[in-house]
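Read the structure below first, then the notes.
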Amino acid sequence: MPAREFDVALYGASGFTGRQTVAYFARHAPAGLRWAIAGRNRAKLEAVRAEVGGRAAAAPVLVAEGHDQPALDDIASRSRVVLSTAGPFAVYGTPLVDACVRFGTQYVDISGETAWVRGLIDRYHARAAAEGTRIVPCCGFDSVPSDIGTLLLARHVQAALGAPCAEVRAYFQLYGGLNGGTIATSLTMAESESARLMDEPFLLDPPHPRPHWQVERSRDVTSPRREPELGAWVGPFLMAPTNTRVVRRSAALFAGWGEPYGPDFVYQEFQKYDPPLAPAKAAAMTALVALIRSALRSPLARRLAAPLLPKPGTGPSPRVLERGWFTCELWGTAPDGRRARAFIRQQGDPSNRATVLFLCESALALAVDGEALPGGRARGGVLTPATALGDVLAERLRRAGVEIEVGS
């Protein structure tokens, strides 16, 4: 790549999540890293720079509206890596990705919009793969714990048990809030004509035939149940329709490169409930998840709810940001039934604090650790956290304070 003026450009830096990425870089970016803040409004960007202060005070400001292609081209052409928090990505994201692909600029974002990602794959994967450009959506809470956790666990099963990994199941527990940008994205996804695509279990996979049983075991969870092997009640997880598609794409890409998790690999995820009253909690949350999904698909319900919901640029209180947390417990199974376990935990609101950490460390991995990334510098395409960043990101997360354990 020719020399660039900036190592990383933080696009969307004046939004709720974007402001947190600026603060993260001000605290944690390596000395000498050249980074800039970017977005649609110069006055707001300068206000963020002044509010964060410290190392952010010296960050250059780059201005580009979401559909101003020449201005977005300017950002991409001057940067080695672009980090974007400017959603909804189906509305604002494609021109920036287009610029990154044309200029060979690495890209990460926090999108969980799988139908939009499917469009990126169809439009840009072949060129980005041929030119070694990593385009990596879904680098927030959607879907780093699921994807990196599955990678670590599947490789552990192979190494420690000497067998392929036939299946991984992930069980989430969490506490936190939502920001207005996430809600706006959910409404946009529900309103789009491509919303029906999100029900496809293998939406992000390269096309190939699958056995019927694999398809059936990959359908989204819709009812609560007791998991005897886990000794706990579980039910549908609201983020699973994004996370499962990302993990399955990782498995399919690795298989295509001759590094499969296991033949006809199956991945599924759930929300887990602790006693007391775990069955009742699972039933109540299952009903709530079904209600949310139904409401999102109803134009009338969306219109009635929109004025009552947090607006873009707003988010949880500092207390919720600090007191939030999540755990992701993953169980991997070999074909002979032997099992291994991985565990990921992070203190801080999942959709905001954890997302910012995952996203920023993903961008820093691209900017700093190029030679060590999976596949070396030649790997490119519309990738996933596991296939683009892999063990490099896992180690970065450990150093940043994320608890990650893997064992038999």
Side-chain angles (χ1 to χ4, degrees), residues 7-8 10 20-21 24-33 35 80-81 83 106-110 132 134-161 165 168 170 172 243 246-247 249-251 253-254 257 259 261 325-330 332 340-348 350 353-381 383-408:
D7 295 309
V8 184
L10 312 180
Q20 295 179 71
T21 67
Y24 192 94
F25 265 66
R27 293 193 304 269
H28 301 293
L33 191 86
W35 54 280
R80 294 175 52 237
V81 178
L83 172 161
Q106 318 293 342
Y107 170 92
V108 294
D109 71 29
I110 54 171
R134 282 173 162 88
I135 303 298
V136 198
C138 306
C139 285
F141 184 57
D142 293 345
S143 300
V144 165
S146 304
D147 202 31
I148 295 296
T150 298
L151 169 68
L152 297 177
L153 184 56
R155 299 307 185 212
H156 177 80
V157 169
Q158 293 168 343
L161 304 184
C165 186
V168 168
F172 279 85
N243 297 337
V246 172
V247 172
R249 177 165 178 77
S250 294
L253 290 176
F254 279 127
W257 296 327
E259 307 167 23
Y261 292 163
W325 56 270
F326 82 88
T327 62
C328 176
E329 181 180 358
L330 304 102
R341 175 181 178 270
F343 186 81
I344 302 176
R345 185 183 191 281
Q346 174 64 12
Q347 183 67 36
R353 286 295 167 80
T355 281
V356 168
L357 186 153
F358 296 154
L359 177 66
C360 291
E361 292 297 336
S362 296
L364 290 171
L366 290 176
V368 175
D369 302 316
E371 294 293 347
L373 294 174
R377 291 192 181 275
R379 177 167 293 178
L383 303 175
T384 61
T387 57
L389 307 170
D391 290 328
V392 170
L393 179 58
E395 184 55 32
R396 279 190 161 273
L397 298 182
R398 287 187 175 104
R399 293 201 302 264
V402 180
E403 297 176 41
I404 302 178
E405 303 172 5
V406 186
S408 300

Expected output: side-chain [X] to main-chain [Y] donor-acceptor under 3.5 Å:
X    : Y    : value
T355 : P350 : yes
Q106 : R134 : yes
R379 : T387 : yes
D109 : L83  : no

Among D147, V247, V108, whose side chain to side chain contact (heavy atoms under 4.5 Å, CB included) with P385 holds?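 By the side chain to side chain contact (heavy atoms under 4.5 Å, CB included) criterion, P385 pairs with just one of D147, V247, V108: D147.
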
Among I148, L357, V144, the one residue meeting side chain to side chain contact (heavy atoms under 4.5 Å, CB included) with V402: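 The option that passes is L357.
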
Those residues that, when tested against [X], pass salt bridge (charged side-chain N to carboxylate O under 4.0 Å, His left out) (two or more places apart):
X    : answer
R27  : none
R353 : E322
R345 : none

What I'd like to find out is whether the side chain of [X] reaches to under 4.5 Å of the side chain of [Y], using heavy atoms alone.
X    : Y    : value
E259 : R155 : yes
L366 : Y107 : no
P30  : V368 : yes
L33  : L364 : yes

Using every non-hydrogen atom in the two residues, find where [X] and [Y] come nearest and quote the distance to one decimal.
X    : Y    : value
L330 : A170 : CD2-CB, 3.8 Å
A342 : G149 : CB-O, 4.5 Å
V81  : A363 : CG1-O, 4.1 Å

Partners meeting ring pair (Phe, Tyr, Trp, His ring centres under 6.0 Å) with Y261 (sequence neighbours left out):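 By the ring pair (Phe, Tyr, Trp, His ring centres under 6.0 Å) rule, Y261 matches F254, F265.
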
For [X], give me all partners under side chain to side chain donor-acceptor pair (under 3.5 Å), at least two apart in sequence or on another chain.
X    : answer
T150 : none
S362 : none
T21  : none

Could you state the interatomic distance from SG (C139) to CD1 (I110), rounded to the nearest 0.5 Å?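 The distance works out to 10.0 Å.
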
Qualifying ring pair (Phe, Tyr, Trp, His ring centres under 6.0 Å) pairs, either residue in residues 137-156, two or more places apart: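 Found F141-F172, F141-F326.
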
May I have all residue pairs that pass salt bridge (charged side-chain N to carboxylate O under 4.0 Å, His left out) and include part of residues 356-365, sequence neighbours excluded?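 Applying salt bridge (charged side-chain N to carboxylate O under 4.0 Å, His left out) to every pair that reaches into residues 356-365, excluding sequence neighbours, yields E361-R396.
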
Please enumerate all residues that pass side chain to side chain contact (heavy atoms under 4.5 Å, CB included) together with D142, with sequence neighbours excluded.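 Expected list: M239, T242, N243.
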
Sequence neighbours left out, what passes side chain to side chain contact (heavy atoms under 4.5 Å, CB included) with E395? Give chain and number order.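 With sequence neighbours excluded, E395 shows a side chain to side chain contact (heavy atoms under 4.5 Å, CB included) to R398, R399, given in chain and number order.
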
